[in-house]
Amino acid sequence: MWVAFLLLLLLLPLPLFVHAEDLGELSANPYNPNSTSNPYGAGSPFKSDGINNPFSPYGSPFSNQSATNPYATDAPRLYDQQGNYRGKLSANPYDPDSTSNPYGRYGSPFSPDSIKNPYGAGNPYSPSSPTNPYGRGLRIEGR
């Protein structure tokens, strides 16, 4: 009886350790297969979990996990190549972590952590910048 109880106690937290879903890379590089700018790779409008697919949970204008829903609160998260968090890829201008919030840390053109700052994280010469046409860009993670 105690063995079954201990086994149940050990297996109970397993759903808490679910890995994030890789949605590609936010990049201007059309030759990178993981880039959202590549129409034959991660940027395909037919990719089942793509942010460019209006019928996927991450591209639908009605999903709470979508990058295009202006009211989404659980949008995909952005990370640079070193693993630093760069905000949420979201159209929500009121979310403090959204890249569309012009007053937030990740959407302001004056913040060093923002992808909209050409002298910060959005530097077109940085290999991890989403505006560099030859770089890798930022990794996009969904739930």
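All residue numbers in this chain count up from 1 along the given sequence. Being a predicted model, the structure only gives us computed values, none of them experimental.
Closest non-hydrogen pair, Ala75 versus Ser66, comes out as CB-O, 3.8 Å. Listed here is the closest heavy atom pair of Pro45 and Pro39: CD-O, 4.2 Å. Scanning all heavy atoms of the two residues, the minimum distance from Pro109 to Pro102 falls at CD-O, 4.0 Å. The two residues Tyr58 and Pro76 make their nearest non-hydrogen contact at CD2-CG, 3.9 Å. Nearest heavy atom pair, residue Pro61 against residue Pro54, reads CD-O, 4.0 Å. Scanning all heavy atoms of the two residues, the minimum distance from Pro57 to Ser48 falls at CD-O, 4.1 Å.
The structure places OH of Tyr71 at 11.5 Å from CZ of Phe62, a figure rounded to the nearest 0.5 Å. Remark: Thr68 OG1 to Leu89 CG distance equals 9.5 Å, nearest 0.5 Å. Rounded to the nearest 0.5 angstrom, Phe110 CZ and Tyr119 OH are separated by 11.5 Å. Interatomic distance, Arg143 CZ to Glu21 CD, rounded to the nearest 0.5 Å: 11.5 Å. Leu138 CG to Ser126 OG: the interatomic distance, rounded to the nearest 0.5 Å, is 8.5 Å. Atom CG of Leu26 is separated from atom OG of Ser37 by 7.5 Å, given to the nearest 0.5 angstrom.
At distances below 3.5 Å, at least one donor-acceptor pair connects side-chain atoms of Asn52 with backbone N or O atoms of Thr36. Checking side-chain atoms of Ser100 against main-chain N and O of Ser90 turns up a donor-acceptor pair under 3.5 Å. The main-chain N or O of Ser35 is never found under 3.5 Å from a side-chain atom of Ser27 such that the two would form a donor-acceptor pair. At distances below 3.5 Å, not a single donor-acceptor pair connects side-chain atoms of Asp74 with backbone N or O atoms of Asn64. Under the 3.5 Å distance criterion, the side-chain polar atoms of Glu141 are left unmatched by any main-chain donor or acceptor of Gly24. Here the side chain of Lys116 pairs a donor or acceptor atom with the backbone of Thr99 at under 3.5 angstrom. Side chain of Ser56 to backbone of Gly50: a donor-acceptor contact under 3.5 angstrom is found.
In this structure, Asn38 and Asn32 have side chains that are not in contact, with every pair of non-hydrogen atoms separated by 4.5 Å or more. Using a 4.5 Å heavy-atom cutoff, the side chains of Ser111 and Asn117 are not in contact. Within the 4.5 Å cutoff, no side-chain heavy atoms of Arg136 are placed close to those of Pro127.
Ile140 and Tyr106 fall into different hydrophobic clusters, where Ile, Leu, Val, Met, Phe, Trp and Tyr are joined by side-chain heavy atoms under 4.5 Å apart, directly or via other members.
A salt bridge is absent between Asp97 and Lys88: the closest approach of a Lys/Arg side-chain nitrogen to an acidic carboxylate oxygen does not fall below 4.0 angstrom.
As a member of the Ile/Leu/Val/Met/Phe/Trp/Tyr network built from side-chain separations under 4.5 Å, Tyr94 groups with nothing else and remains a singleton.
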